[in-house]
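Report on the structure given below.
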2 protein chains.
Amino acid sequence: MATADDPTTTLGLLWDGPSRPRRGPRHHLTVDALVGAALEIAEQEGVDALSMRGLAARLGVGAATLYTYVPDKSALIALMVDTMIGEAPLPHTRPGDWRERVEAWARENLRAYREHPWLVRLMGAAQPVGPHAFAWTDSALRVFDGTGLTGHEALTVVEAVDGYTRGHVAKAVEADRAARWTTPDGRTWDTVQDAFLEAHAEPGRYPAIERLTGAPGTEEVFEAGLAWLLDGVAQGIRERAAG
Amino acid sequence: MATADDPTTTLGLLWDGPSRPRRGPRHHLTVDALVGAALEIAEQEGVDALSMRGLAARLGVGAATLYTYVPDKSALIALMVDTMIGEAPLPHTRPGDWRERVEAWARENLRAYREHPWLVRLMGAAQPVGPHAFAWTDSALRVFDGTGLTGHEALTVVEAVDGYTRGHVAKAVEADRAARWTTPDGRTWDTVQDAFLEAHAEPGRYPAIERLTGAPGTEEVFEAGLAWLLDGVAQGIRERAAG
DNA sequence: CGACTCATCGAACAGTGTACGGAGTTCTCG
DNA sequence: CGAGAACTCCGTACACTGTTCGATGAGTCG
């Protein structure tokens, strides 16, 4: 198989699927089987445990065999990501007006990312656009049909909301992991950190933080920010309709 | 030095600095020198090139020596991140009203992240809060002094804007990297991808995307989304002042 | 001066992604 | 129908990674 380092091969795999050669012995596995097993590993053991050797072992083949299905690990990851995107419901098929649909999709994405935290890390690297990602964006754009926004404006809104969601997801995933962490003797992350800060921040050094009576949860921040963002968008749509 | 895996040691390094032992030979290096050299490597060669062996070689010492300064690589990274945060201007010292200050800090953060793309990846992992991060948050909260918002509400705004910025940064960094990429024969990423999509997306499959006449740039999306978000916040502040 | 503590670092361990080359299988073409 | 091309499979190897161990010797305190 062609050596990559060049995402063209990966794009071909994403959009065309594997190319069946004319000569030579048959494959015993399929690319889908690789991706499925890789997703299982990521889901069960986390993304750090996803190695080519481990994946090969799970499938009962030698490590080098995988390279006849996939040019390299990054291509496998691109396939995993696009597969996950394919499981997201298409925004334009949801009920309600544009705002209800946007809220639903943003919450759904947040939920999906938090349920599959490994996705957040894998999406960090630049990804070639796969068919499912493309279809999702198309669907998201259609949510704004009838609002009077141009395609360009609709895409701006989609990207803004998506960016907002992704940023929160990164923070939420960190918070989730910290919440699950404990010292060997059972103290939580918050306990350790708070004790540390209390011992080290002399009074008056951080006046605004001292005045705080409690931090908002990630859910609360997400909902508030989403509401503000969509208030702004709604106002833009109203002004355009009036002008 | 104490084995970590437990961020308590890292927190100590962040807040107290290195602890000078009473007996034994002197250190030839300092933790600051490690962090400085690590920052240079990240800046010049990217985060993937940052290895303990490479760092040790740059400092002219053996790889194992580093572990007398720092419990492990993650602690080093925490120190790098907090150092970078320390270089950001404090929001409450900027001129203007709350909105101008927020806009300035959001743009500044976006710029800094794009200039140091490795930071985006390093911040992806959960980080213990360092003194500079703490000071920055305190300063950001003070921007809302006099707006009538409670500390809780101000923190919600800060986190929402920060989350928004981080999400965009991730996308912008990906876009920057893709923009810099070319095939051996000189074609750009966009050319390759567009050619591929044109060849593979039959007409009518992606109606909304077909209707597009051009995609908004990351800058344009960022500014539009920020304006919407702050419009929403401003309305919240007005309503609170009125009610 | 001993006793103790600690910095330094070569070597080793358990991993990683991936290239290579040989063995065996399947299809195509003369 | 048989020769050889094309291909899968995979043991082995390479160049890495972060980190631990143990030996050596430097520095300091009683």
Side-chain angles (χ1 to χ4, degrees), chain A residues 1-7 9-10 13 18-31 33-34 37-38 41-42 45-80 118 121-122 125, chain B residues 1-7 9-10 13 18-31 33-34 37-38 41-42 45-80 118 121-122 125:
Chain A
M1 185 133 284
T3 51
D5 175 34
D6 169 4
T9 326
T10 306
L13 215 44
S19 54
R20 179 97 170 60
R22 314 226 144 263
R23 268 181 271 262
R26 300 250 167 82
H27 267 139
H28 298 162
L29 266 35
T30 62
V31 173
L34 293 217
I41 293 175
E45 304 172 49
V47 69
D48 289 323
L50 177 62
S51 73
M52 297 302 265
R53 280 176 172 82
L55 176 59
R58 174 177 285 242
L59 292 165
V61 299
T65 301
L66 301 181
Y67 291 86
T68 61
Y69 294 85
V70 138
D72 58 16
K73 194 182 184 181
S74 74
L76 179 71
I77 289 175
L79 290 166
M80 290 169 71
W118 53 270
R121 290 220 352 231
L122 293 192
Chain B
M1 185 132 284
T3 51
D5 175 33
D6 169 2
T9 326
T10 305
L13 259 181
S19 54
R20 176 99 168 61
R22 314 227 143 260
R23 269 180 273 265
R26 300 246 168 84
H27 265 139
H28 299 162
L29 266 35
T30 63
V31 173
L34 294 216
I41 294 176
E45 304 172 48
V47 69
D48 288 323
L50 176 63
S51 72
M52 296 302 265
R53 279 177 173 82
L55 176 59
R58 174 177 284 242
L59 292 165
V61 299
T65 301
L66 301 181
Y67 291 87
T68 63
Y69 294 85
V70 138
D72 57 16
K73 194 183 185 182
S74 75
L76 179 70
I77 288 175
L79 290 166
M80 291 170 69
W118 52 271
R121 288 213 3 225
L122 294 191

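Note: hydrogens, waters and symmetry copies are ignored here, and every other heavy atom, side chains too, is used. By convention in this document, chain letters (A, B, ...) are assigned in the order of the sequence lines, proteins followed by strands, and residues within each chain are numbered from 1.
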Examine C:dT8: is either OP1 or OP2 under 4.0 Å from a nitrogen or oxygen in the side chain of B:H28? Give yes or no. yes
Given 3.5 Å as the limit, does a donor-acceptor pair link the side chain of B:Y69 with the main chain of B:L29, or not? yes
Should B:V47 and B:I41 count as side-chain neighbours, where that means a heavy-atom distance under 4.5 Å? no
Closest-nucleotide 5' rank along DNA chain D - winner of B:R20 and B:A63: B:A63
From CG of B:L76 over to P of D:dT17, roughly how many Å is that when rounded to an integer? 15 Å
Does a nitrogen or oxygen in the side chain of A:R23 sit under 4.0 Å from OP1 or OP2 of D:dT8? no
Would you please confirm or rule out a distance under 4.0 Å between OP1 or OP2 of D:dC10 and any side-chain N or O of A:T65? yes
Short side-chain to backbone donor-acceptor contact, A:K73 and A:L50, under 3.5 Å: yes
Which whole-number value in Å describes the distance from A:I41 CD1 to C:dG17 P? 10 Å
Expected output is a numbered-order residue list: members of residues 48-56 of chain A with a heavy atom under 4.0 Å from any atom of DNA chain D. What is it? A:R53
Measure OH/A:Y67 against P/D:dC10 and give the value in whole Å, please. 15 Å
5'-most contact on DNA chain D: B:P25 or B:K73, nearest heavy atom basis? B:K73
Just checking B:G62: base, sugar-phosphate only, or nothing, at a heavy-atom cut-off of under 4.0 Å? sugar-phosphate
Please tell me which of the listed nucleotides, D:dC10, D:dT8, D:dT28, lies nearest to the side chain of A:P21? D:dT8
Side-chain N or O of B:Y69 less than 4.0 angstrom from OP1 or OP2 on C:dT8? yes
A:G24 vs B:A64, nearer the 5' end of DNA chain C by closest nucleotide: B:A64
Heavy-atom closest pair, residues B:T10 and B:A75: OG1-CB, 3.5 Å
How close do A:D72 and A:S74 get, counting heavy atoms only, and between which atoms? OD1-OG, 3.0 Å
Side-chain N or O of B:R22 versus OP1/OP2 of D:dG27: is the shortest distance under 4.0 Å? no
How long is the gap from OG1 on B:T68 to NE2 on B:H27, to the nearest 0.5 Å? 3.5 Å
Which pairs of donor and acceptor atoms, one on a side chain in residues 53-61 of chain A, lie under 3.5 Å apart (sequence neighbours left out)?
from, atom 1, to, atom 2, distance (Å)
A:R58, NH1, A:E40, OE1, 2.6
A:R58, NH2, A:Q44, OE1, 3.1

Is B:H27 close enough to C:dC6 that one of its side-chain N or O atoms is under 4.0 Å from OP1 or OP2 there? no
Atom CG of A:L66 and atom P of C:dT18: how far apart are they, to the nearest Å? 10 Å
Closest to the side chain of B:R26, out of D:dG18, D:dT28, C:dT18, is D:dT28
